[in-house]
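Okay, so here's the structure we're looking at.
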Amino acid sequence: MPKTRSTTKFMGRGSLVKRLTSQVGSRTLAENILRARGDMKRDGTLTAKGAKRDSMTAAERAKDRALKAAKSGSKSGSKSGSKSGSKKSDRTAKDYVYNPNTNTATLKTRR
């Protein structure tokens, strides 16, 4: 029987904190990461942005990251770089396929 990855236990909606905790191995570290991203307040409650991400499944979050990266014109989705050369993308989440093993979304292949 194949071994189940610990992060595949928390794939659904409302599991943002549990999933990140499972990925990084520490709830404190997970909360610090969420605070740094602006997803969590100091008191441990989610911000509006965090609540929106928490309402998404792991696949939806991965597709959202891929869309943001495509719109920013960089593979990593980094906000650094020139705005004048930014690339616009007309892609939607339906254009991506989610890989739960890597927690990433990639463009579907054309047939």
Side-chain angles (χ1 to χ4, degrees):
M1 181 196 261
K3 195 173 189 179
T4 303
R5 293 176 53 140
S6 62
T7 57
T8 58
K9 293 179 186 175
F10 308 108
M11 301 287 281
R13 300 178 197 286
S15 62
L16 180 66
V17 178
K18 286 180 183 179
R19 182 169 172 80
L20 186 56
T21 298
S22 178
Q23 288 173 331
V24 299
S26 161
R27 183 168 179 107
T28 302
L29 180 57
E31 289 178 353
N32 288 337
I33 290 168
L34 292 170
R35 285 185 188 106
R37 290 181 186 164
D39 292 331
M40 184 176 276
K41 298 176 190 174
R42 292 182 72 93
D43 66 4
T45 61
L46 294 175
T47 63
K49 177 184 170 222
K52 180 180 176 185
R53 301 225 25 108
D54 192 43
S55 71
M56 297 177 174
T57 64
E60 290 167 338
R61 287 190 299 271
K63 290 176 182 183
D64 187 57
R65 287 191 303 272
L67 283 167
K68 286 179 184 176
K71 288 180 181 175
S72 74
S74 69
K75 186 171 180 128
S76 67
S78 173
K79 291 184 180 181
S80 64
S82 170
K83 288 185 180 182
S84 62
S86 67
K87 215 165 113 178
K88 298 290 181 185
S89 174
D90 58 350
R91 305 258 185 221
T92 67
K94 291 179 182 180
D95 295 324
Y96 292 86
V97 63
Y98 176 65
N99 181 337
N101 294 321
T102 60
N103 193 32
T104 59
T106 55
L107 281 173
K108 291 179 182 176
T109 55
R110 295 179 115 178
R111 293 184 188 232

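Since the structure is predicted, the reported quantities are computational estimates derived from the model, not experimental observations.
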* Asked: With distance as the sole test, does K71 use its side chain to make a donor-acceptor pair with the main-chain N or O of R91 at under 3.5 Å?
  -> no

* ILVMFWY cluster, V24 and M11 together (side-chain gap under 4.5 Å) -> no

* Supply the atom-to-atom distance D95 CG to T106 OG1, rounded to the nearest 0.5 angstrom. => 11.5 Å

* **Backbone of G38 reached by a side-chain donor or acceptor of T47 within 3.5 Å** => yes

* Backbone of K18 reached by a side-chain donor or acceptor of S15 within 3.5 Å -> no

* Which distance, rounded to the nearest 0.5 Å, do you find between the CG of L29 and the CG of N32? -> 6.5 Å

* Spacing of T21 atom OG1 and L16 atom CG [to the nearest 0.5 Å] -> 9.0 Å

* **From CD (E31) to CZ (R42), nearest 0.5 Å** => 12.5 Å

* Asked: So D64 and R53, side chain to side chain contact (heavy atoms under 4.5 Å, CB included) or not? Walk me through it.
  -> CA-CA 9 Å; D64 187 57; R53 301 225 25 108; 2.5 Å; yes

* **Exceeds 12 heavy-atom contacts within 6.0 angstrom, atom NZ of K52** => no

* Could you give me the CA-CA distance, side-chain angles and deciding distance for Y98 and N103, then say whether side chain to side chain contact (heavy atoms under 4.5 Å, CB included) is met? => CA-CA 7 Å; Y98 176 65; N103 193 32; 2.9 Å; yes

* **N/O donor-acceptor pair under 3.5 Å between N99 side chain and T104 backbone** => no

* With no hydrogens and no angle check, is any side-chain donor or acceptor of R35 less than 3.5 Å from a backbone partner on M40? -> no

* Asked: If you group Ile, Leu, Val, Met, Phe, Trp and Tyr by side-chain heavy-atom gaps below 4.5 Å, do L20 and L46 land in one group?
  -> yes

* Got a sec, which residues hit side-chain contact (heavy atoms from CB on, under 4.5 Å) with A105, two or more places apart in sequence or on another chain? -> A62, K63, A66, Y96

